[in-house]
Amino acid sequence: MSGRYQYAGFWVRLGALLVDTVLILLITIPLLIMYYGVDTYWQAAQNGDFLGVGEVIISWLLPIVATIWFWVKMQATPGKILFSLKVLDEKTGQPISLKQSVIRYLGYFVSTIVLLLGFIWVAFDRKKQGWHDKMASTVVVRDYGMDVTPVLVKE
């Protein structure tokens with residue numbers, strides 16, 4: 001891949017993931033505190049207690065839906081946008097479908113199961129694909145044609 005797009009490597013993708021994780025926490029923790037109350041939430045967090053359906057919706061369902069929405073509509077999550085990255089269909093270079101997004105998200109669990117090896121795979125793969133990318137036939141590219149000024153990250 002050359003020109004406008006280049007496959008995005010491990011470190012820039014890790015940076016984007018960390019940005020997304022912080023954003024998710026900045027949204028979900030206040031929502032959980034508002035829903036359950038500060039004392040109940042922090043006590044449950046310290047003890048590892050399950051709070052209920054609200055916790056499932058806020059901590060799991062909301063991030064899943066948001067991530068898939070960003071992939072389908074924006075071709076990137078906020079962290080990827082910050083680093084001028086896009087998630088594209090491997091074969092066509094076009095935005096990914098809802099089906100690919102769901103498969104890619106489920107693939108995150110597969111990539112995590114064996115000591116995060118599915119994510120580490122990005123560092124060694126020719127197309128910089130993790131297992132979740134391979135499952136969904138997607139690639140993550142740096143888009144040098146985006147209007148956003150890329151953040152320089154050493155790879």
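Because the structure is a prediction, the values reported are computed rather than measured.
W121 meets the side chain to side chain contact (heavy atoms under 4.5 Å, CB included) test with D125, W131, K134; sequence neighbours excluded.
Shown here for I103 and M135, the closest heavy-atom pair between the two residues is CG2-O, 3.5 Å. Of all non-hydrogen atoms in L85 and A8, the two that sit nearest each other are CD2-CB, 3.6 Å.
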Legend entry - Criterion side chain to side chain contact (heavy atoms under 4.5 Å, CB included) on L106 and V102, from CA distance to verdict: CA-CA 6 Å; L106 293 173; V102 171; 4.1 Å; yes
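The number of heavy-atom neighbours closer than 6.0 Å to CZ of F124, taken from other residues, nucleotides and ligands shown, is 12 or below.
One finds the NZ atom of K127 at 10.5 Å from the OG1 atom of T138 (value rounded to the nearest 0.5 Å). Interatomic distance, Q75 CD to I81 CD1, rounded to the nearest 0.5 Å: 9.0 Å. Rounding to the nearest 0.5 Å places CZ of R104 at 9.0 Å from OG of S111. To the nearest 0.5 Å, atom CG of residue D89 and atom CD of residue Q94 are 8.0 Å apart.
Placement of V53 and Y35 in two distinct hydrophobic clusters is found when ILVMFWY residues are connected by side-chain heavy-atom separations under 4.5 Å, directly or transitively.
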Could you tabulate the donor-acceptor pairs under 3.5 Å formed by side-chain atoms of residues 12-32, not counting sequence neighbours?
unit_1 : atom_1 : unit_2 : atom_2 : d
R13    : NH1    : K128   : O      : 2.6
R13    : NH1    : D133   : OD2    : 3.3
R13    : NH2    : H132   : NE2    : 3.4
R13    : NH2    : D133   : OD2    : 2.7
D20    : OD1    : T77    : OG1    : 3.4
D20    : OD1    : G79    : N      : 2.6
D20    : OD2    : T77    : OG1    : 2.4
T21    : OG1    : L17    : O      : 2.8
T28    : OG1    : I24    : O      : 2.9

Distance-only donor-acceptor pairs under 3.5 Å for side chains of residues 55-72, two or more places apart:
unit_1 : atom_1 : unit_2 : atom_2 : d
E55    : OE1    : L51    : N      : 2.7
S59    : OG     : E55    : O      : 3.4
T67    : OG1    : P63    : O      : 2.8

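With hydrogens and angles disregarded, a donor-acceptor distance shorter than 3.5 Å links the side chain of Y36 to the backbone of G54. Judged by distance alone, with hydrogens and angles left aside, the side-chain atoms of Q100 form a donor-acceptor pair with the main-chain N or O of A136 at under 3.5 Å.
Listed by first then second residue, pairs satisfying side chain to side chain donor-acceptor pair (under 3.5 Å) with a partner in residues 37-51 number zero, not counting sequence neighbours. Screening residues 62-71 for salt bridge (charged side-chain N to carboxylate O under 4.0 Å, His left out), with sequence neighbours left out, gives no hits.
Taking the six-membered ring wherever Trp is involved, the centroid distance between the rings of F119 and Y108 falls below 6.0 Å.
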